[in-house]
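Hydrogens, waters and symmetry mates are skipped; everything else that's a heavy atom, side chains included, is used.
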Amino acid sequence: MRMYDLILKKRDGGVLTKEEISYFISEYTKGNVPDYQAAALLMTIYFQKMNEEETVNLTEAMMNSGETIDLSAIEGVKVDKHSTGGVGDKTTIALGPIIAACGVPLAKMSGRGLGHTGGTIDKLESIPGFNVNMTIDKFINNVNNFKIAVAGQTANLAPADKLIYALRDVTATVDNISLIASSIMCKKLASGADSILLDVKTGSGAFMKDTDGAFDLAVEMVKIGNNMNRNTIALVTNMDQPLGNAVGNSLEIKEAIETLKGNGPEDFRELCITLASYMLLLAKNVNSVDQGRKKAEEVISNGKAFKVLKTFVTEQGGDVNYIQNIDLLPKSKKIYELKSKETGYINKIAAETVGLSALALGAGRETKDSTIDLSVGIVLNKKAGDYVQKDETLAYIHYNDDAKKKNAVNKLKTAYMINEKNEANTQLVFGIVTADGIKRL
Ligand code: URA
């Protein structure tokens, strides 16, 4: 087989076979295909697109390019959740204990990554002692004994995706639904879950800015999951404003803890309960989403989910005193109040701008070697749809460095759109995608 022939075939509108796709992935991963040929093939895929079968074959080949995790030693149906990412997305930290308290195991490999704030692991590391480096045996034992464990991605999962993503990033070939869907799904599939719930975000703070594009991606990923015999459902959810109020590592941990105690912001609590109800359904723990919702609400109100969080933190070496008393968690030296210049309804809080403001404070990584300041971030005092008076506080900026604060304030000011009329779209879930198709809400 020759790369030249594959490029030519795809350039002229042909359909690549499973063998051809496997050849490209395995030879490129081994370093036997030069970047210029790989880039040329990606560009032909970008323009000619891939059909469903090619996309599934690409996903499978990338999944098999490295280790795959065997979770069969864990009892019960293992359901994983994947969010395509957004601002203030601390969902796993509250959702994990909720589903674990309902009896469904959560075995999660999580990442750090670049972003406006750290990833789930960075956030959890706001709790002193919390450790995500564990052997696969300890990971599996913890899930069997306590129904929940979160480990760092130490395994060599889907190395082909890392190489190809880096190449796509510099050759303008990221924005292709088959390439995005296969890139996300190959890592999820390699992580070993039986069923997958996808939270596909749309809006200014999301990777997919427009809702139709988010539905297209959701459909593609659901098809891949189900083709690979994993029961897969996707929810398309709103990321036009930050999720919850807190954006920043320890601030988000505090919000997740408050939510498990029944006190969190309404949108975040609602999303956690909705996602939990679908995860319980996928795990066959309940017979309907309504039943799942009731069960999720119950483990919050009876304190079981909070208890699971404490066990989870203790079993991974974290100091549980920081969960009991959130005032102990990392705190910034100073807080600045951003006041409104106008009176009216908040129609928009551009999520991406809030994220960039948090990044300017030091909450995230600009490069993979940057150090995160766990204590800084932004807490919104008002959300889209709220009425605000002139001089009322819009947001609290938690900071340690005056120059960084100035930069963050200048950015954050531009995130707000305030008008006389309330035209905010605060719908949380735009639709559900299953093997049966799309249900728009
Ligand atoms: N996230 C991924 O993991 N891959 C993509 O291609 C896009 C977003």
Does [X] pair with [Y] as a salt bridge, N-O distance under 4.0 Å?
{"X": "Asp290", "Y": "Arg293", "answer": "no"}
{"X": "Glu258", "Y": "Lys254", "answer": "no"}
{"X": "Glu266", "Y": "Lys383", "answer": "no"}
{"X": "Lys187", "Y": "Asp161", "answer": "yes"}
{"X": "Lys201", "Y": "Asp240", "answer": "no"}
{"X": "Asp80", "Y": "Lys108", "answer": "yes"}
{"X": "Glu352", "Y": "Lys209", "answer": "yes"}
{"X": "Glu27", "Y": "Lys30", "answer": "yes"}
{"X": "Lys10", "Y": "Glu54", "answer": "yes"}
{"X": "Arg365", "Y": "Asp122", "answer": "yes"}

[X] vs [Y] side-chain heavy atoms within contact, under 4.5 Å:
{"X": "Ile432", "Y": "Ile233", "result": "yes"}
{"X": "Asp267", "Y": "Thr426", "result": "no"}
{"X": "Leu217", "Y": "Ile180", "result": "yes"}

- Task: Please report the C-alpha distance between Tyr28 and Tyr23 in whole Å, then the side-chain angles of each, then the deciding distance to 0.1 Å, and finally whether the ring-ring contact (aromatic ring centres under 6.0 Å, His included) criterion is met.
- Result: CA-CA 8 Å; Tyr28 186 58; Tyr23 169 82; over 10 Å; no
- Can you find a side-chain donor-acceptor pair between Ser332 and Asn400 that sits under 3.5 Å? no
- Message: A quick test of your reading: do over 12 heavy atoms of other residues, nucleotides or ligands sit less than 6.0 Å from NZ of Lys310?
- Response: yes
- Query: Is the CD atom of Glu270 crowded by more than 12 outside heavy atoms at less than 6.0 Å?
  - Reply: yes
- Item | Cation over ring face, Arg440 and Phe430, 6.0 Å, 45° | no
